[in-house]
Amino acid sequence: MSRRMLVVSAHGADWCTRAGGTIRKYTAMGWEVTVFALTFGEHGESGAYWRDHPGTCLEEVKACRKAEAQAAARALGVKDIRFFDYGDYPLCLDEARLRRLNEDILTLRPHVILTHWLKDPFNLDHEVTAKAVVRAVSAAGMRGALPDTPPHFIPDIFFFETTMPHSEFNRFQIDTYVDIGDVFEEKLAAVRLFAAQPQLVEYYTRCALNRGVQANDWSRGRRTIRYAEAFKRYVPYLGDLLPLTELEGESL
């Protein structure tokens with residue numbers, strides 16, 4: 001049976017910049033990865049497009065962001081990216097939208113969910129998304145959440161990087177590093193496709209290098225790690241044995 005990952009992103013590019021390397025590793029292993037982009041990021045995350053296209057309209061910006069995200073998804077092996085067009089800055093998620101997210105989780109039944117860190121006071125779209133995911137997952141675990149549908153008990157949830165370069169301000173807590181050295185160039189190529197946000201290339205190259213330095217220090221010579229993505233696990237690990245770090249060989 002195929003394994004399924006759901007990535008819930010506030011804006012069109014967030015999923016790629018923060019977890020693109022990890023996503024690529026999982027698609028390469030045959031996982032089914034679905035991305036939910038709750039907004040296109042048309043108001044607050046498309047500055048270069050607005051600047052370079054005087055007189056443009058909101059629908060043109062949305063179309064640009066959608067095309068960029070679809071191209072990035074193809075580059076990383078994601079076959080299913082869905083756009084909800086909820087509007088950004090501010091992103092508002094009412095009861096109807098929360099129930100839809102709950103139903104989508106019950107339909108997809110993911111084994112793993114990646115989404116935003118819970119605290120992001122200067123980009124509340126991210127914070128709203130993270131809290132909505134937690135609420136929807138909680139509801140999906142209750143029998144009766146969707147009539148005649150069995151509950152989907154708690155999948156593994158990992159919060160990815162908060163708004164860069166403000167990780168310390170947002171108190172991002174890391175307990176998981178993924179070595180993305182073998183797929184970093186693929187991730188970077190995907191990030192470059194978001195031409196409406198050209199600054200993302202430098203931001204997330206620096207981020208991957210910084211997390212790589214941290215992960216490499218934890219490795220203590222067991223592996224050379226240059227680029228990494230960081231996560232915070234939300235729900236406890238359950239298993240027959242302890243979740244031990246496994247590092248074999250060398251990744252440059």
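Here, residue 1 is the first one in the sequence, and each next residue gets the next number.
Taking the side chain as every heavy atom from C-beta outward, Leu98 and Glu95 never approach each other to under 4.5 Å. Put simply, the side chain of His152 reaches to within 4.5 Å of the side chain of Pro110, judged on heavy atoms. Contact annotation: the side chain of Thr163 approaches that of His126 to within less than 4.5 Å [non-hydrogen atoms, C-beta and beyond]. Contact of the Thr115 side chain with the Val7 side chain is not registered, since no non-hydrogen atoms from C-beta on lie closer than 4.5 Å. Contact of the Tyr86 side chain with the Val128 side chain is not registered, since no non-hydrogen atoms from C-beta on lie closer than 4.5 Å. Between Pro121 and Lys119, the closest side-chain pair of non-hydrogen atoms falls below 4.5 Å. Taking 4.5 Å as the limit, some side-chain heavy atom of Leu58 sits within range of a side-chain heavy atom of His43. The shortest side-chain heavy-atom distance between Arg211 and Tyr227 does not fall under the 4.5 Å cut-off.
Linking Ile, Leu, Val, Met, Phe, Trp and Tyr residues whenever their side-chain heavy atoms come within less than 4.5 Å places Val112 and Val178 in a single cluster. With hydrophobic clusters built from ILVMFWY side chains whose heavy atoms lie under 4.5 angstrom apart, Tyr237 does not share a cluster with Ile154. Val133 and Phe158 are members of different hydrophobic clusters when ILVMFWY side chains are connected at heavy-atom separations under 4.5 Å. Both Val8 and Ile157 are part of a single hydrophobic cluster, where members link through side-chain heavy atoms under 4.5 Å apart. Residues Phe122 and Leu124 do not share a hydrophobic cluster, defined by chaining ILVMFWY side chains whose heavy atoms lie under 4.5 Å apart.
Interatomic distance, Asp104 CG to Thr34 OG1, rounded to the nearest 0.5 Å: 10.0 Å.
Formation of a donor-acceptor pair under 3.5 Å by the Asn216 side chain with backbone atoms of Ile225 is found in this model. With hydrogens and angles ignored, the 3.5 Å screen pairs a side-chain donor or acceptor of Ser219 with a backbone N or O of Arg223. Thr149 contributes a side-chain N or O that, together with a main-chain N or O of Pro147, makes up a donor-acceptor pair within less than 3.5 Å. A donor-acceptor contact shorter than 3.5 Å is absent between the side chain of Ser138 and the backbone of Val134. The backbone N or O of Asp120 lies less than 3.5 Å from no partner atom in the side chain of Thr162, so there is not a single donor-acceptor pair. A side-chain donor-acceptor contact under 3.5 Å links Glu229 to the backbone of Gly21. In this structure, Arg206 contributes its side chain and Pro165 its backbone to no donor-acceptor pair below 3.5 Å. A side-chain donor-acceptor contact under 3.5 Å links Arg220 to the backbone of Asp217. Of the possible polar contacts, one joining the Arg4 side chain to the Arg109 backbone as a donor-acceptor pair under 3.5 Å is found. Here the side chain of Arg97 pairs a donor or acceptor atom with the backbone of Cys92 at under 3.5 angstrom.
Contact record, Ala75 with Leu193: CB-CD1, 4.3 Å, taken as the closest heavy-atom pair. Of all the heavy atoms in Leu91 and Ala10, the pair that sits closest is CD2-CB, 4.4 Å. The shortest non-hydrogen separation linking Ile180 to Ala208 is CD1-CB, 4.4 Å. Here the closest heavy-atom approach between residue Cys16 and residue Ala72 is recorded as SG-CB, 4.3 Å. In terms of heavy atoms, Leu76 sits closest to Trp15 at CD1-CZ3, 3.9 Å. Considering all non-hydrogen atoms of both residues, Ala69 and Gly12 come closest at CB-O, 3.7 Å.
At a cut-off of 3.5 Å, with distance as the only test, no side-chain donor of Tyr234 or Asp156 sits close to an acceptor on the other residue. Side-chain atoms of Tyr204 and Glu161 form no donor-acceptor pair, as typed in the model, at a separation below 3.5 Å. Between Asp88 and His11, the side chains place no donor N or O within less than 3.5 Å of an acceptor N or O (distance only, hydrogens not considered). With no hydrogens or angles considered, a side-chain donor-acceptor pair links Thr56 and Glu60 at under 3.5 Å.
The pair Asp85-Lys66 does not count as a salt bridge, with every side-chain nitrogen at least 4.0 angstrom from each carboxylate oxygen. In summary, Glu68 and Arg65 engage in a salt bridge, as defined by a charged side-chain N under 4.0 Å from a carboxylate O. Salt bridge annotation for Arg24-Glu186: present, with a cationic side-chain nitrogen under 4.0 angstrom from a carboxylate oxygen.
Annotation for Tyr49: atom OH counts as buried by contact number, over 12 foreign heavy atoms lying within 6.0 Å. Heavy-atom contacts from other residues, nucleotides or ligands closer than 6.0 Å to OH of Tyr26 number 12 or fewer. Around atom CZ of Phe84, more than 12 heavy atoms belonging to other residues, nucleotides or ligands sit under 6.0 Å away.
The ring of Phe40 has its center closer than 6.0 angstrom to the ring center of Phe83. For Phe160 and His116, the gap between ring centers is short of 6.0 Å.
Among Ile174, Asp175, Asp179, the single residue meeting the side chain to side chain contact (heavy atoms under 4.5 Å, CB included) criterion with Tyr177 is Ile174.
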